[in-house]
Amino acid sequence: MARKTVDIVVGALRAGEGFTTAQAVHSRAIALGHSVSVATVYRTLRLLADAGTVDQMVGDDAQLRYRFCGDAHHHHLVCRSCGLTLEVEAAVIENWTNEMAQARGFVDVRHILEISGVCSTCSA
Ligand SMILES: [Zn+2]
Ligand SMILES: [Zn+2]
Ligand SMILES: [Zn+2]
């Protein structure tokens with residue numbers, strides 16, 4: 001996968017907010033002046049999703065949507081069967097880890113938490 005293609009796709013993803021379909025990512029890349037095919041965008045998004053660089057979610061229309069992962073701290077709920085990765089908010093965990101570690105005199109506290117299971121599509 002060419003570095004340039006990755007930069008184009010990631011750039012197009014970051015140019016918008018929230019989760020976006022591959023089609024919309026492609027339109028955005030074109031609008032930004034890049035010449036890249038829809039097939040290349042699809043393939044690159046899938047590779048980036050496998051690498052954990054982008055998050056995926058399934059929309060109400062059953063289409064996969066993508067978002068650049070890594071700007072803000074968040075956690076993932078991952079399907080062990082199909083690899084679907086959802087972002088989850090976990091204020092309880094943020095507060096607990098900080099308070100628990102600070103109470104024991106720790107500073108610069110960080111944590112990694114990934115939750116896995118089988119998604120509703122795969123378990124149906
Ligand atoms: Zn993420
Ligand atoms: Zn699944
Ligand atoms: Zn956290």
Side-chain angles (χ1 to χ4, degrees):
M1 172 164 63
R3 181 74 235 165
K4 192 169 179 290
T5 310
V6 173
D7 289 344
I8 290 170
V9 172
V10 169
L13 266 183
R14 301 188 73 166
E17 280 179 21
F19 285 87
T20 319
T21 60
Q23 197 72 47
V25 172
H26 176 253
S27 304
R28 215 181 275 157
I30 297 298
L32 288 168
H34 303 295
S35 67
V36 62
S37 72
V38 186
T40 300
V41 169
Y42 268 102
R43 195 174 64 243
T44 306
L45 282 170
R46 212 156 47 223
L47 288 168
L48 289 170
D50 286 347
T53 308
V54 307
D55 292 334
Q56 324 169 61
M57 66 160 283
V58 183
D60 292 340
D61 56 3
Q63 271 205 69
L64 269 177
R65 285 175 167 71
Y66 303 88
R67 190 195 59 174
F68 183 74
C69 176
D71 281 345
H73 175 81
H74 61 271
H75 297 281
H76 293 153
L77 175 61
V78 182
C79 174
R80 286 194 298 273
S81 179
C82 70
L84 174 70
T85 303
L86 304 177
E87 177 185 338
V88 288
E89 276 182 38
V92 172
I93 287 162
E94 307 310 321
N95 294 336
W96 176 79
T97 49
N98 289 336
E99 283 164 18
M100 176 279 297
Q102 279 161 15
R104 287 160 178 77
F106 281 60
V107 295
D108 194 18
V109 176
R110 294 168 201 179
H111 66 268
I112 298 165
L113 174 73
E114 187 156 282
I115 311 151
S116 73
V118 178
C119 78
S120 59
T121 308
C122 291
S123 65

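The CD1 atom of Ile112 sits 12.0 Å away from atom NE2 of His76, with the distance rounded to the nearest 0.5 Å. The CG atom of Leu48 lies 11.0 Å from the SG atom of Cys69; values are rounded to the nearest 0.5 Å. From Phe106, atom CZ reaches atom OG1 of Thr97 across 12.5 Å, with rounding to the nearest 0.5 Å. Going from atom OG1 of Thr5 over to atom CG of Leu47 covers 10.5 Å, rounded to the nearest 0.5 Å. To the nearest 0.5 Å, atom CG of residue Leu86 and atom CZ of residue Phe19 are 7.5 Å apart.
When the side chains of ILVMFWY residues are joined at heavy-atom separations under 4.5 Å, either directly or via intervening members, Met57 and Tyr42 end up in two distinct hydrophobic clusters. In the hydrophobic cluster analysis, where Ile, Leu, Val, Met, Phe, Trp and Tyr join through side-chain heavy atoms closer than 4.5 angstrom, Val78 is grouped apart from Leu84.
For residues 101-119, the set of pairs meeting the salt bridge (charged side-chain N to carboxylate O under 4.0 Å, His left out) definition, not counting sequence neighbours, comprises Asp108-Arg110. Listed by first and then second residue, the salt bridge (charged side-chain N to carboxylate O under 4.0 Å, His left out) pairs that reach into residues 61-70 are Asp55-Arg67, Asp61-Arg65, Arg67-Glu87, sequence neighbours excluded.
Through side-chain heavy atoms spaced under 4.5 Å, either directly or across other Ile, Leu, Val, Met, Phe, Trp or Tyr residues, Trp96 is tied to Met100.
In this structure Gln102 satisfies the side chain to side chain contact (heavy atoms under 4.5 Å, CB included) test together with Asn98, sequence neighbours excluded. Every residue was checked against the side chain to side chain contact (heavy atoms under 4.5 Å, CB included) condition with Arg46, not counting sequence neighbours, and none meets it.
Tyr66 and Val54 make their closest contact through CD2-CG2, 4.0 Å (heavy atoms, listed as atom of the first residue, atom of the second, distance). Listed here is the closest heavy atom pair of Gly18 and Thr20: O-OG1, 3.5 Å.
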For residues 25-32, tabulate all N or O donor-acceptor pairs below 3.5 Å that involve a side-chain atom, not counting sequence neighbours.
| unit_1 | atom_1 | unit_2 | atom_2 | d |
| --- | --- | --- | --- | --- |
| His26 | NE2 | Val36 | O | 2.8 |
| Ser27 | OG | Gln23 | O | 3.1 |
| Arg28 | NH1 | Ala12 | O | 2.7 |
| Arg28 | NH1 | Leu13 | O | 3.4 |

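Classified by interplanar angle (parallel below 30°, tilted 30° to 60°, perpendicular above 60°), the ring pair His111/His73 is perpendicular.
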